[in-house]
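Let me begin by presenting the structure, written as structure tokens, before commenting on it.
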2 protein chains.
Amino acid sequence: MPQPSAPRKTRGRPPRFSREEVVATARRIVDEDGVDRLTMRRLATEVGSTPMALYHHVRNKEELLLLLLDDHAARTLRRPELPAHPRERIIVAAAAIHEALAACPWIVEVLTADDLMSASALWFVEQIVDGLVECGLTPERAVHGYRAVWYYTAGEIVVRATAARRRADADDADADAYADRATYRERVFADLDPDELPRLARIADDWAPLTAEDTYLDGLRALVDGLLVSR
Amino acid sequence: MPQPSAPRKTRGRPPRFSREEVVATARRIVDEDGVDRLTMRRLATEVGSTPMALYHHVRNKEELLLLLLDDHAARTLRRPELPAHPRERIIVAAAAIHEALAACPWIVEVLTADDLMSASALWFVEQIVDGLVECGLTPERAVHGYRAVWYYTAGEIVVRATAARRRADADDADADAYADRATYRERVFADLDPDELPRLARIADDWAPLTAEDTYLDGLRALVDGLLVSR
DNA sequence: ATGAATTTTTGTACGCGTACGAAAAATAGC
DNA sequence: GCTATTTTTCGTACGCGTACAAAAATTCAT
């Protein structure tokens, strides 16, 4: 007959909580109060433990965030129906990754991973690499092409998210001594010399709204187009 | 006749040091000991003051790093000779920015600025936008095109720099309890299902060396090519 | 000269991530 | 049973960025 409570076989002191529990609690905190409120101390109390106990389940806070990103990808990445044409397949796969990541901009701090290597994202990577190969690229060039797509995608998300954060911070500090000190960009754009920088001077007023537009897909298509005209 | 020591005209208590002094000292610290050693406390003692005094010259550490990036750009960005052909001009300008930034990877933390809007970088932006316009894009599309180039460039630098940092960290922790725990990527690539992910499985062994290659220019050319086939 | 106003500096304090070492709780061999 | 071994937990401590308020140093109005 089976033992009622499976006899432990591991050696040392039994853990009071699991890595999964940590990640789940962290996710709840982030969902409820935002990533800023996720501190090791609070996480510890919410799992009913002490800060340093966490470090036996997680190397450090960065790894925790990485696990959180993983978790997020596994939950929200849904495989879309892919078009038959490989070029469009690449676009759709990349856009799906982009959409999932852009939805949770707190990820930025981790997003700078050298690759989105969450297991659940691999299928998308496969689609992109495969699409590139089917379009005639060698497997090596296809990997490089995928990297280019990833650089572009990660860059877009990071840059936009950071810009948004900075804007929020600046709004917070509305009434203090720095309020009159213009933003970096505003200052620089204020005194453009139309002789030396004619294009920028002419378009200066429209710069902000233009850069606010979401042109991820346009750039992605351009990049993929460029990758496919084999060189 | 001019007064020997120009009489102060500002109202309050005279500052004991200037913002420029702060930035210069910060640059020295970073040059000598690396960006990790740049702390507000150390910076304060090295300018002969206290930590909180810095905050009257600089909004916070992030702004300090931004100023540092500015400073770096102003010092190292040299305007290259530009080819006559606008397409090549775009490439050369973007590559120059990329080179200057990639040279000091500590910038990563700030690089996520929504734009490299250092005054000294504007000339390069102008060249890129102008090149795109000369190739037939509308000014609006040209700005979007520049943004795409910036996303790609910033993404490349951030991703590569973060990967390098992670690698260094992992090497530091060589002998500790986590040593046997494989890297994220290694773990994921270890059990690739060749049926579901055939391309990745076939190329798994070459993934690391392939992604280590510097293909920034290839991707940049592809992106610019794609931007120029007007759509 | 004197007090008000303004700007910069300084001191104190908080919460953060986490290094380090000791304590606790389990198993394995005798 | 007893002790050694192994794994996890916990307490303490450090340096970090920086919020906040008081103090100091200057000019201006009287």
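Within every chain, numbering begins at 1; the chains are lettered A, B, ... in the order of the sequence lines, protein sequences first and strands thereafter. Computed from a prediction, not measured in an experiment: that's the story for all the values here.
Closest contact between the side chain of Arg13(A) and the listed nucleotides dG17(D), dA25(C), dT26(D) involves dA25(C). Of all nucleotides listed (dT9(D), dA25(C), dG17(D)), dA25(C) comes nearest to the side chain of Pro14(A). The nucleotide whose nearest atom lies closest to any side-chain atom of Ala53(A) is, among dT9(D), dA25(D), dT10(C), dT9(D). Considering only the side chain of Lys61(A), dG17(C) comes nearest among dT9(C), dG17(D), dG17(C). Comparing dT18(C), dT27(C), dT27(D) against the side chain of Arg41(A) picks out dT18(C) as the nearest.
Listed pair Ser49(A) / dC10(D) meets the phosphate criterion, a side-chain N or O lying under 4.0 Å from OP1 or OP2. Dashed line: the shortest gap from a side-chain N or O of Thr39(B) to OP1 or OP2 of dC16(D) is under 4.0 Å. Contact check, His56(B) against dT10(C): no side-chain N or O comes under 4.0 Å of OP1 or OP2.
Between the P atom of dT18(D) and the CZ atom of Arg42(B) lies a distance of 18 Å, rounded to the nearest Å. Atom CZ of Arg11(B) and atom P of dA4(C) are 13 Å apart (whole Å). One atom, CZ of Arg16(B), and another, C1' of dA25(D), lie 10 Å apart when rounded to the nearest Å. Atom CE in Met40(B) sits about 18 Å away from atom P in dG15(D), given to the nearest Å. One can place CZ of Phe17(B) at 11 Å from C1' of dT10(C), the figure rounded to the nearest angstrom. Atom NE2 in His57(B) sits roughly 16 Å away from atom P in dT18(D) (whole-Å rounding). Rounded to a whole Å, the CG atom of Asn60(B) is 9 Å from the C1' atom of dG17(D). In this structure, CG of Leu65(A) is placed 15 Å from C1' of dT18(C), rounded to the nearest angstrom.
In this structure the side chain of Leu200(B) reaches within 4.5 angstrom of the side chain of Trp207(B), judged on heavy atoms. You'll find the side chain of Leu67(A) stays beyond 4.5 Å of the side chain of Arg27(A), heavy atoms only. Side-chain contact check for Val58(A) versus Val23(A): every heavy-atom pair is 4.5 Å or farther apart. Taking the side chain as every heavy atom from C-beta outward, Thr153(A) and Tyr216(A) approach each other to under 4.5 Å.
DNA chain C is contacted by both Met52(A) and Leu38(A); Leu38(A) maps to the nucleotide lying nearer its 5′ end (nearest heavy atom per residue).
With respect to Leu38(A), the side chain to side chain contact (heavy atoms under 4.5 Å, CB included) criterion is satisfied by exactly one of Thr25(A), Asp33(A), Val30(A): Val30(A).
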